[in-house]
There are 2 protein chains.
Amino acid sequence: MDNVLVKKLQGYARLCEEDQRVLNAVVRDVRTVPAHTDLAREGEKSAFVHLVLEGFACRYKFTAEGNRQIMAFLVPGDFCDLHVVVLKQMDHSIGTISPCKVVDIPHEQILALLQRPRLSLAMLCAALVDSAVLREWLVNVGQRGARQRLGHVFCELLLRLRIVGLADNGYELPLSQTDLADTIGTSSVHLNRVLQELRQENLISWKGETLAIHDIDRLMKLSGFNSNYLHIGMQGADESAL
Amino acid sequence: MDNVLVKKLQGYARLCEEDQRVLNAVVRDVRTVPAHTDLAREGEKSAFVHLVLEGFACRYKFTAEGNRQIMAFLVPGDFCDLHVVVLKQMDHSIGTISPCKVVDIPHEQILALLQRPRLSLAMLCAALVDSAVLREWLVNVGQRGARQRLGHVFCELLLRLRIVGLADNGYELPLSQTDLADTIGTSSVHLNRVLQELRQENLISWKGETLAIHDIDRLMKLSGFNSNYLHIGMQGADESAL
DNA sequence: CCCAGCGCTTAACCTATGTTAATTTCCCGA
DNA sequence: TCGGGAAATTAACATAGGTTAAGCGCTGGG
């Protein structure tokens with residue numbers, strides 16, 4: 001029974017038995033964290049790298065004026081803060097959105113993972129894809145209208161959650177509308193307006209925590225979504241590299 | 001006479017003589033590239049990593065509607081596309097803005113650099129800072145008004161260019177207003193409006209290609225600029241790491 | 001030296017989105 | 001089952017920023 005981390009990393013490199021065993025070994029001492037709890041705070045340096053196994057967390061930052069921008073969703077299989085291994089302090093915060101199951105991984109254990117070439121490659125790929133996602137978010141917020149932005153986020157999450165087996169034509173989306181608004185850089189009032197539109201055009205429905213996407217093709221087209229940046233199905237990447 | 005790459009990487013790790021020699025050796029076969037020329041295109045995979053030595057280049061992407069978002073400025077000392085060593089294809093394009101001097105570095109040579117622990121650490125830090133910059137840009141575009149956004153970009157470039165010795169209280173900024181508009185996600189008309197305001201408030205002047213910042217403190221305050229995310233002066237980072 | 005073209009500037013007008021605030025719905029605990 | 005608080009919804013109004021278009025001023029080529 002493979003954990004989400006194995007599922008995800010297998011998308012980037014062919015992992016041998018031993019690689020998988022090592023990864024499964026990392027996922028010990030799972031901790032349950034309530035919603036709206038910080039895992040790491042701006043300015044601090046954590047002794048652990050955090051890995052999400054269940055639930056939604058996010059990377060975020062407040063501006064001087066007190067506005068929050070969510071800069072990434074961290075879903076099952078995602079490392080939250082691999083960079084603390086190297087950088088002196090966090091330049092942003094990480095917090096749960098829904099209740100989460102997370103693992104705190106000590107630095108030495110991360111370094112041990114990186115000793116294994118295939119794992120190292122896969123983790124590097126995952127980190128590069130994280131950057132690619134961030135770039136796409138910038139395009140999204142910088143160039144698209146609110147409808148498109150929202151649709152884009154829904155599409156991206158669909159594909160990302162499918163990788164770890166958590167989506168088919170919909171998924172559990174335990175966010176508040178305010179969270180989504182802080183993601184796409186609009187007010188919550190406007191987010192709601194746009195959401196109503198998508199619902200009325202029968203593109204999606206979202207009730208309780210369940211999002212259903214009724215017409216993914218139309219939604220992708222509407223939002224200008226192109227999945228290239230997720231680098232899905234690029235298994236092996238350039239295996240000769242490392 | 002150290003090149004900009006050495007200058008920059010020394011900010012992240014204490015490089016030994018040999019490290020510096022190796023870096024200087026990389027900077028052979030400098031190529032001059034005219035303005036508005038692509039160094040790498042979305043969808044392709046380059047055989048080389050590009051390093052900027054002089055001039056401004058950028059990371060960019062067009063949306064389906066034909067709008068351009070600039071996602072990063074690449075200034076002297078910056079690697080443009082380290083990730084091609086690992087990923088199968090570019091998910092965005094890289095192009096020069098002004099005429100540039102660049103070096104095309106073959107993959108094997110990059111891998112050779114990464115064999116040296118200090119260099120490897122420094123390059124990793126640089127890559128992590130690039131991500132941090134990207135996150136800050138997302139905050140900028142998502143949460144701040146156009147004045148603040150523009151001021152923020154000016155502040156960031158000042159600090160980044162100082163690292164490589166290319167700025168004091170101003171710097172050469174060879175961009176068009178359209179380039180800047182595509183950076184902060186506004187129309188060029190609005191960019192111009194905001195620019196006039198900053199000029200009239202005597203915060204900056206920008207004539208020809210020379211930007212002068214008259215009151216950096218006030219500009220930083222106005223734009224909510226906090227330099228933490230650049231991780232300047234964190235030399236050594238966590239040297240025990242790699 | 002003059003013309004063509006591009007980039008900058010300005011103005012007028014329009015729309016997407018923000019703000020405030022009132023109302024309703026939902027969910028959870030007593 | 002009821003009551004309270006948070007989240008969602010809606011409306012009315014305000015504004016930042018987009019669009020279009022016209023005029024201006026360099027700058028480089030003939």
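Computed over heavy atoms, backbone and side chain alike; hydrogens, waters and symmetry mates excluded. Note on naming: letters A, B, ... go to the chains in the order of the sequence lines (proteins, then strands), and numbering restarts at 1 for each one. Just so we're clear, the structure is a prediction, and the values are computed from it rather than from any experiment.
- The distance between atom CG of A/L180 and atom C1' of D/dT9, rounded to the nearest whole Å, is 16 Å.
- Under a 4.0 Å N-O distance rule, the pair A/K8/A/D78 qualifies as a salt bridge.
- Side chain of A/A146, nearest nucleotide from C/dT19, D/dA8, C/dT17: C/dT17.
- A salt bridge does not link B/D81 with B/K45: none of the charged nitrogens is closer than 4.0 Å to a carboxylate oxygen.
- With D/dG18, D/dA21, D/dA11 as the candidates, the nucleotide lying closest to the side chain of A/V189 is D/dA11.
- A/N67 places its CG atom 14 Å from the C1' atom of C/dT17, with the value rounded to the nearest Å.
- Here the side chain of B/Q177 is nearest to one of D/dA8, D/dT20, C/dC8, namely C/dC8.
- Remark: P of C/dC27 and NZ of A/K207 are 7 Å apart, rounded to the nearest angstrom.
- Protein atom CD of B/E65 is 15 Å distant from nucleotide atom P of D/dG18, rounded to whole Å.
- In this model, the phosphate group of D/dT9 is approached by a side-chain N or O of A/R199 to a distance below 4.0 Å at OP1 or OP2.
- The distance between atom CG of A/L191 and atom C1' of D/dT10, rounded to the nearest whole Å, is 14 Å.
- As judged by a 4.0 angstrom heavy-atom cut-off over every strand, B/S176 is placed among residues touching the sugar-phosphate backbone only.
- Minimum atom distance to the side chain of A/R193 is reached by C/dG18, of the listed C/dG18, D/dG17, C/dC26.
- For B/Q196, no side-chain nitrogen or oxygen approaches OP1 or OP2 of C/dC8 to under 4.0 Å.
- A/R149 has a side-chain polar atom (N or O) that falls below the 4.0 Å cut-off from OP1 or OP2 of C/dT17.
- Between the side chains of A/N202 and A/D215, not a single donor N or O lies within less than 3.5 Å of an accepting N or O.
- When heavy atoms are screened at a 4.0 angstrom cut-off, A/T186 is found touching the sugar-phosphate backbone but no base atom.
- D/dA16 atom C1' lies 15 Å from atom CG of B/L150, rounded to whole Å.
- Considering only the side chain of A/L195, D/dT9 comes nearest among D/dT20, C/dT19, D/dT9.
- For the pairing with A/V103, the side-chain contact (heavy atoms from CB on, under 4.5 Å) check across A/V49, A/V27, A/V52 returns one residue only, A/V27.
- For the OP1/OP2 pair of D/dA8 and a distance below 4.0 Å, the side-chain nitrogens and oxygens of A/N192 include no atom meeting the criterion.
- C/dT17 atom C1' lies 19 Å from atom CZ of B/R144, rounded to whole Å.
- We find that NE2 of A/H190 is positioned 19 Å from C1' of C/dA21, with the value rounded to whole Å.
- Note on A/G185: only backbone sugar-phosphate atoms sit closer than 4.0 angstrom, heavy atoms only; bases stay farther off.
- Residues A/N192 and A/Q196 have side chains that bring a donor and an acceptor to within less than 3.5 angstrom of each other.
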